[in-house]
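Not measured: the values here are computed from a predicted model. Just so we're on the same page: letters track the sequence lines, and every chain starts at 1. Only heavy atoms go into these numbers, but all of them, side chains included; no hydrogens, no water, no symmetry mates.
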2 protein chains.
Amino acid sequence: MTESKPLRADARRNRDAIVAAARSSFDHGEQLRFDDFAARAGVGVGTLYRHFPTRAALAAAVYEDEVSALCDRARDPSRSPGENLDTFLRGFVDHLVAHAGLARTLAAIVDPASRAKNGVELERTVADLMTRAAADGVVRNDVNPEAVLMLLHNIGSAADRPQWASQSRGAIEVVIAGLKRT
Amino acid sequence: MTESKPLRADARRNRDAIVAAARSSFDHGEQLRFDDFAARAGVGVGTLYRHFPTRAALAAAVYEDEVSALCDRARDPSRSPGENLDTFLRGFVDHLVAHAGLARTLAAIVDPASRAKNGVELERTVADLMTRAAADGVVRNDVNPEAVLMLLHNIGSAADRPQWASQSRGAIEVVIAGLKRT
DNA sequence: TTGACAAGTGGAGACGGTCTCCATATTCTC
DNA sequence: GAGAATATGGAGACCGTCTCCACTTGTCAA
């Protein structure tokens, strides 16, 4: 929401270190005491609490970083719009599969509000990729981006089913094929 | 599972008092410290922990009592089988509506295992009521009890939607009507 | 009834995770 | 480089959770 003040250099550094440490231990499926995130990041507990008053706040920051990283990689000027869309979708699923522990942890901790907030950025990204690819004539223009987003969401929220990894890759290929102009 | 040893009289009394206290505070939506359940029941913490090692264990006991009470009231010899079935179904929903807080709390705490365990008793009761009513010729005999149970289950798990109470009563009337022999 | 043993009790206090507080340190601004 | 603003860290307060055991109560055979 409020992007407010620019952080002082050292504060920014510490914040980033904390988020990185949290991301890593979430990803490994570790169940840490909240204070331990501080130790992992090499900062004091006070610093941890100033930046992230609760576990959920920390998880939200990790989640936001994940979404941003994904969205940033979405547009590569050296590729065609159609390739960008395909690459993004495959990359999305690959990322989820490679970090299933992270996906599970975030699904369990992140609260609906920040989930929704970051969903907006994702939606904008997908919509943009689809619009460009459609303008280029390679994908259909009668598909709602939200429909695609819903499919992605369904893939993500099934992260604890057996066979999930292979099923996900199969599913995203179906989506990619389904988007192609016939 | 293991019904094991019969409790000593005082132990039984204490256990019942704890469950009653828990039921009451769950119902009121209170968020008590675990130790406080003991105080409410007028027993020591040690007694609470011996009977219920965890919050989930306590919730499971409350849940079991609820289901048993519901099932016990199911068969009234002074009524016809058809009336018994109708009464049971309406009573089920009335009970849920009257104790929405309890339903919510139990839904949040009770673990799937004990949910399943008590589900069996419910299913037996419903199946029995339906069989008798069908033998009496007042309801159809081509409906699976599990289907009815599924309808009941969905009613219970929607306990926090707005309009839930009136929608639930409407829904159960549809079920009752739908079961009648045409 | 009573004695003796098993069963059950209560609550002080150990334990451990969460969070606050503030003297000190670092960065920023001019 | 001085002063203001900002950020730090970690000792220890705080507060639920849970254990432990000296003591009480119930049970039952005699």
Side-chain angles (χ1 to χ4, degrees), chain A residues 1-26 28-62 64-65 105-106 108-111 114, chain B residues 1-26 28-62 64-65 105-106 108-111 114:
Chain A
M1 304 292 157
T2 49
E3 202 49 68
S4 55
K5 308 304 155 203
L7 246 32
R8 223 171 65 176
D10 54 344
R12 168 100 249 149
R13 208 160 41 233
N14 283 333
R15 211 198 99 108
D16 290 349
I18 293 169
V19 172
R23 205 205 98 105
S24 153
S25 63
F26 284 165
H28 293 141
E30 292 171 307
Q31 188 63 34
L32 293 189
R33 276 183 295 145
F34 195 45
D35 282 21
D36 283 341
F37 290 118
R40 287 284 176 97
V43 304
V45 224
T47 302
L48 169 61
Y49 276 91
R50 190 162 339 87
H51 287 298
F52 306 104
T54 66
R55 195 179 286 265
L58 178 54
V62 173
E64 185 176 341
D65 274 16
T105 305
L106 291 181
I109 307 183
V110 170
D111 62 300
S114 52
Chain B
M1 309 289 157
T2 49
E3 202 49 67
S4 54
K5 309 303 154 204
L7 245 33
R8 221 172 67 176
D10 54 344
R12 170 99 249 149
R13 206 158 43 232
N14 283 333
R15 212 198 99 107
D16 290 349
I18 293 170
V19 172
R23 204 205 100 106
S24 153
S25 63
F26 284 166
H28 293 141
E30 293 171 307
Q31 189 63 34
L32 292 188
R33 277 183 295 146
F34 195 45
D35 281 22
D36 283 341
F37 290 118
R40 288 284 176 96
V43 304
V45 224
T47 301
L48 170 60
Y49 276 92
R50 189 163 340 89
H51 287 299
F52 307 104
T54 66
R55 194 179 287 267
L58 178 53
V62 173
E64 184 176 342
D65 274 16
T105 304
L106 291 181
I109 307 182
V110 170
D111 62 301
S114 52

- Contacts of Asp10(A) meeting side-chain hydrogen bond (donor to acceptor under 3.5 Å, both in side chains) (sequence neighbours excluded), chain-then-number -> Arg8(A)

- Mind calculating the distance between CD1 (Ile18(A)) and P (dA7(D)) to the nearest angstrom? 13 Å

- Pair pattern of DNA chain C in dot-bracket, where unpaired bases get dots and | marks partners in another strand, Watson-Crick or G-U under 3.5 angstrom: ||||||||||||||||||||||||||||||

- Kindly write out the residues that satisfy side chain to side chain contact (heavy atoms under 4.5 Å, CB included) with Ser24(A), not counting sequence neighbours, or none if the list is empty. His28(A)

- Who are the side-chain hydrogen bond (donor to acceptor under 3.5 Å, both in side chains) partners of Arg50(A), not counting sequence neighbours? none

- Residues in side-chain hydrogen bond (donor to acceptor under 3.5 Å, both in side chains) contact with Arg55(A), at least two apart in sequence or another chain: none

- Summarise protein proximity over nucleotides 13-26 of chain D in one line of letters, 5' to 3': B for base, S for sugar-phosphate only, - for none, counting protein heavy atoms closer than 4.0 Å. ---SBBB-----BS

- Message: dT9(C), OP1 or OP2 - any side-chain N/O from Asn14(B) closer than 4.0 Å?
- Response: yes

- Task: Not counting sequence neighbours, which residues clear side-chain hydrogen bond (donor to acceptor under 3.5 Å, both in side chains) with Arg13(A)? List them please.
- Result: none

- Could you state the CG-P distance from Leu7(B) to dT27(D), rounded to the nearest angstrom? 11 Å

- Message: On the nucleotide dA7(D), are OP1 or OP2 found under 4.0 Å from the side-chain N or O atoms that His51(A) carries?
- Response: no

Show me the side-chain donor-acceptor pairs of residues 41-49 of chain A shorter than 3.5 Å, one per line, residues at least two apart or across chains.
none

- Quickly work out the Phe37(A) CZ to dC19(C) P distance and round it to whole Å. 13 Å

- Specify the separation, in whole Å, of atom CD of Gln31(A) and atom C1' of dG16(C). 15 Å

- Ignoring backbone atoms, establish whether Thr47(A) has a side-chain N or O less than 4.0 Å from OP1 or OP2 of dG9(D). yes

- Message: Give me the atom names and distance for the closest heavy-atom approach of Ala56(A) to Ile109(A).
- Response: CA-CG2, 3.9 Å

- Pairs flagged by salt bridge (charged side-chain N to carboxylate O under 4.0 Å, His left out) wherever residues 37-48 of chain B is involved - sequence neighbours left out: Glu30(B)-Arg40(B)

